[in-house]
Number of protein chains: 2
Amino acid sequence: MAASVQLALEQLKMNGVRMTPQRHAILSYLMDSKSHPTADEIYKALSPAFPSMSVATIYNNLRLFVEAGLVRELTYGDDSSRFDADLSDHYHAICKSCGQIVDFGYPPLLEVEKAASKETGFTVQGHRMEIYGLCSSCNTTAK
Amino acid sequence: MAASVQLALEQLKMNGVRMTPQRHAILSYLMDSKSHPTADEIYKALSPAFPSMSVATIYNNLRLFVEAGLVRELTYGDDSSRFDADLSDHYHAICKSCGQIVDFGYPPLLEVEKAASKETGFTVQGHRMEIYGLCSSCNTTAK
DNA sequence: ACGTACAATAGTAATAACTACTATGAAGAA
DNA sequence: TTCTTCATAGTAGTTATTACTATTGTACGT
C-alpha cells in the first residue's frame, strides 16, 4: 500500500508536482481506505495529524489526483462527491438506506459501449455503472 | 404528449396534489423536451410565460414529480442535477466536451444486478449506467 | 549545507445549487 | 360563494466547492 503511494508521488514529481506531507497523507488515506470517503471525511480524518490543514488543500489535491488519473471521483446523488483510489476494474453497490458503498467485481460492459457507440455515433471513452438497493444489514433491520 | 401530462396530473390529484398552471407548465416542458434540462434551464425557459415564477417553485415541483415517480433525477458530475421525464427503459450517453446527453436503448442489465446481489448480499432495487465519450459533432470539430 | 525560485498551503471570501421559511394567493370541495 | 388547505413568490439560509492572496516550504542547483 505505502509502496504504491510512493510510486504515485514519484510519477507526479515528473510533472513538477512536489511532495508535501499533506499531499502524502491525503493520498495514503485514500489508498488505505475502502470506504470511498468524501472531501469532508478526509478533512476530519486528517485533522488530528494536521490541525492547521485547510479544506482548500483537500480539494486542491483531490482535483490534482483526479486529473492525474490516480483517483476517481464519484458523484452519488444528493450530497457531496466521493473519491476512490482503487483503480482496478470494479463497480459499486450503493445502499439507499445507509449510503454505504460496497465494491463488486464484474467484467467490463464493453458490449454496451459498443452498442451505444453504434446507436449514438459517440466515440466512447468509458462508462459508469452502479447498483442501488439495500445492503444486507439494512435489509434485516428495516422492514 | 399533452394527454400524458393530463394523465400524470390526474394521478397526482388522487394524492391531494393540486393542478396549478406552473406545475402543468413544468411537467409539460419536461415531457416535451428531450434535452434533460436542469432546474435553471426550466426556470429560464418558463420565465417568459411566468415572469413571476420563483425558482423555489421549480425545485418544489421537481421534487414532487421525482417522489411521485413521474420524473427521474440525473446527477451527472460537476454541475447541477438534470431531469428526465422519459420513463421508458433507456440509458444515456454523455459528451465530455459539450455536455450533451443522448438517449440510447439497450436491454436492462439484469445479469449485473443478479451478480451484484450475489456478491454483495444487497437486495437490488435498480441500477444506473451511463456512457461517456465524445458526441459525433464534437468528435469532428475538436482535434 | 545554502540560497533561490516557484509551487503549495492556510485562511478566508466568493460562488452556485439547492432548501427552509413565511405571508399571500389560488384550487377545489361543500 | 365560501372555506380549507395546499401552492406560490420572495427571500434568507445552508452546504459543497472554488477563487484569491499572502506566506510557507520543497527541491534543485551550487
Side-chain angles (χ1 to χ4, degrees), chain A residues 6 8-29 36-68 70-71 73-83 99, chain B residues 6 8-29 36-68 70-71 73-83 99:
Chain A
Q6 290 300 339
L9 288 173
E10 288 299 322
Q11 177 190 327
L12 286 172
K13 205 184 282 183
M14 310 263 186
N15 294 8
V17 174
R18 291 175 184 170
M19 134 102 121
T20 68
Q22 294 90 335
R23 187 163 287 161
H24 187 281
I26 296 169
L27 192 55
S28 305
Y29 181 77
H36 315 86
T38 63
D40 195 57
E41 282 166 8
I42 299 172
Y43 179 62
K44 287 200 173 69
L46 299 183
S47 278
F50 298 85
S52 70
M53 185 163 54
S54 165
V55 259
T57 299
I58 304 276
Y59 281 104
N60 282 339
N61 283 304
L62 287 174
R63 184 169 33 179
L64 186 82
F65 297 151
V66 169
E67 280 167 5
L70 291 171
V71 166
E73 182 173 1
L74 314 172
T75 53
Y76 158 46
D78 314 345
D79 50 356
S80 34
S81 284
R82 298 184 163 274
F83 296 87
Chain B
Q6 290 301 338
L9 288 173
E10 287 302 322
Q11 178 189 327
L12 285 171
K13 204 185 281 182
M14 309 262 184
N15 293 9
V17 175
R18 292 176 184 167
M19 133 101 121
T20 68
Q22 294 89 334
R23 187 163 287 161
H24 187 279
I26 295 170
L27 192 54
S28 305
Y29 182 77
H36 316 85
T38 63
D40 195 57
E41 283 166 6
I42 299 172
Y43 179 62
K44 288 201 173 69
L46 299 183
S47 279
F50 298 85
S52 70
M53 184 162 54
S54 165
V55 260
T57 299
I58 304 277
Y59 282 105
N60 283 338
N61 282 303
L62 286 174
R63 185 169 32 180
L64 186 83
F65 297 150
V66 170
E67 279 167 6
L70 291 171
V71 166
E73 183 175 0
L74 314 171
T75 52
Y76 157 48
D78 314 346
D79 50 356
S80 32
S81 283
R82 299 183 162 275
F83 296 88

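We name chains A, B, ... by the order of the sequence lines, and we start the count at 1 in each one. Only a predicted model underlies this, so the values are computations on that prediction, with no experimental measurement involved.
Atom OG of B:Ser80 is separated from atom CD of B:Glu41 by 7.5 Å, given to the nearest 0.5 angstrom. Rounding to the nearest 0.5 angstrom, the gap separating the CG atom in A:Asp40 from the CG atom in A:Asp79 is 11.0 Å. We find the CG-OG1 distance between B:Leu9 and B:Thr20 to be 8.5 Å, quoted to the nearest 0.5 Å. Atoms CE and NE2, on A:Met19 and A:His24 in that order, are 5.0 Å from each other to the nearest 0.5 Å. The line from OG of A:Ser28 to CG of A:Leu46 is 9.0 Å long, rounded to the nearest 0.5 Å. With values rounded to the nearest 0.5 angstrom, B:Leu74 atom CG is found 11.5 Å from B:Thr38 atom OG1.
Pairing each heavy atom of B:Ala39 with each of B:Ile58, the nearest pair is O-CG2, 3.8 Å. The nearest pair of heavy atoms linking A:Met53 to A:Gln22 is SD-CG, 3.8 Å. Considering all non-hydrogen atoms of both residues, A:Glu73 and A:Phe83 come closest at CG-CE2, 3.8 Å. Scanning both residues, B:Ala45 and B:Pro48, for their nearest heavy atoms gives O-CD, 3.4 Å. Shortest non-hydrogen contact noted between A:Thr75 and A:Ser81 is CG2-OG, 3.6 Å. A:Phe50 approaches A:Ala25 most closely through the heavy-atom pair CE1-CB, 3.5 Å.
No side-chain heavy atom of A:Ile26 sits less than 4.5 Å from a side-chain heavy atom of A:Tyr29.
Looking at residues 13-22 of chain A, you'll see A:Arg18, A:Met19, A:Pro21 sit with a heavy atom under 4.0 Å from some atom of DNA chain D. Near DNA chain C, meaning a heavy atom under 4.0 Å away, the residues from residues 43-53 of chain A are A:Ser52, A:Met53. Using a 4.0 Å cut-off on heavy atoms, the residues of residues 56-65 of chain B that approach DNA chain C are B:Ala56, B:Tyr59, B:Arg63, listed by number.
A straight line from CG of B:Asp40 to C1' of C:dT19 spans 16 Å, rounded to a whole angstrom. Per the geometry, CG belonging to A:Leu27 stands 14 Å off P belonging to C:dA8, to the nearest Å. B:His24 has its NE2 atom 19 Å from the P atom of C:dA26, to the nearest Å.
Each end of the helix from C:dA1-D:dT30 to C:dA30-D:dT1 gets its own axis from five base pairs, and the two axes differ in direction by 40°, given to 10 degrees.
When DNA chain D is scanned in the 5' to 3' direction for atoms under 4.0 Å from non-hydrogen atoms of chain A, the outermost contacting nucleotides are D:dA16 to D:dA27.
Look at A:Arg23 and you won't find any side-chain N or O under 4.0 angstrom from OP1 or OP2 of C:dA7.
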When the side chains of residues 59-67 of chain B are checked against the rest of the protein, which donor-acceptor pairs come out under 3.5 Å, sequence neighbours left out?
unit_1, atom_1, unit_2, atom_2, d
B:Asn60, OD1, B:Arg63, NH2, 3.4
B:Asn60, ND2, B:Ala56, O, 3.3
B:Asn61, OD1, B:Arg23, NE, 2.6
B:Asn61, OD1, B:Arg23, NH2, 3.2
B:Asn61, ND2, B:Thr57, O, 2.9

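Residue A:Thr38 is out of contact with every strand shown, counting any heavy-atom pair closer than 4.0 Å.
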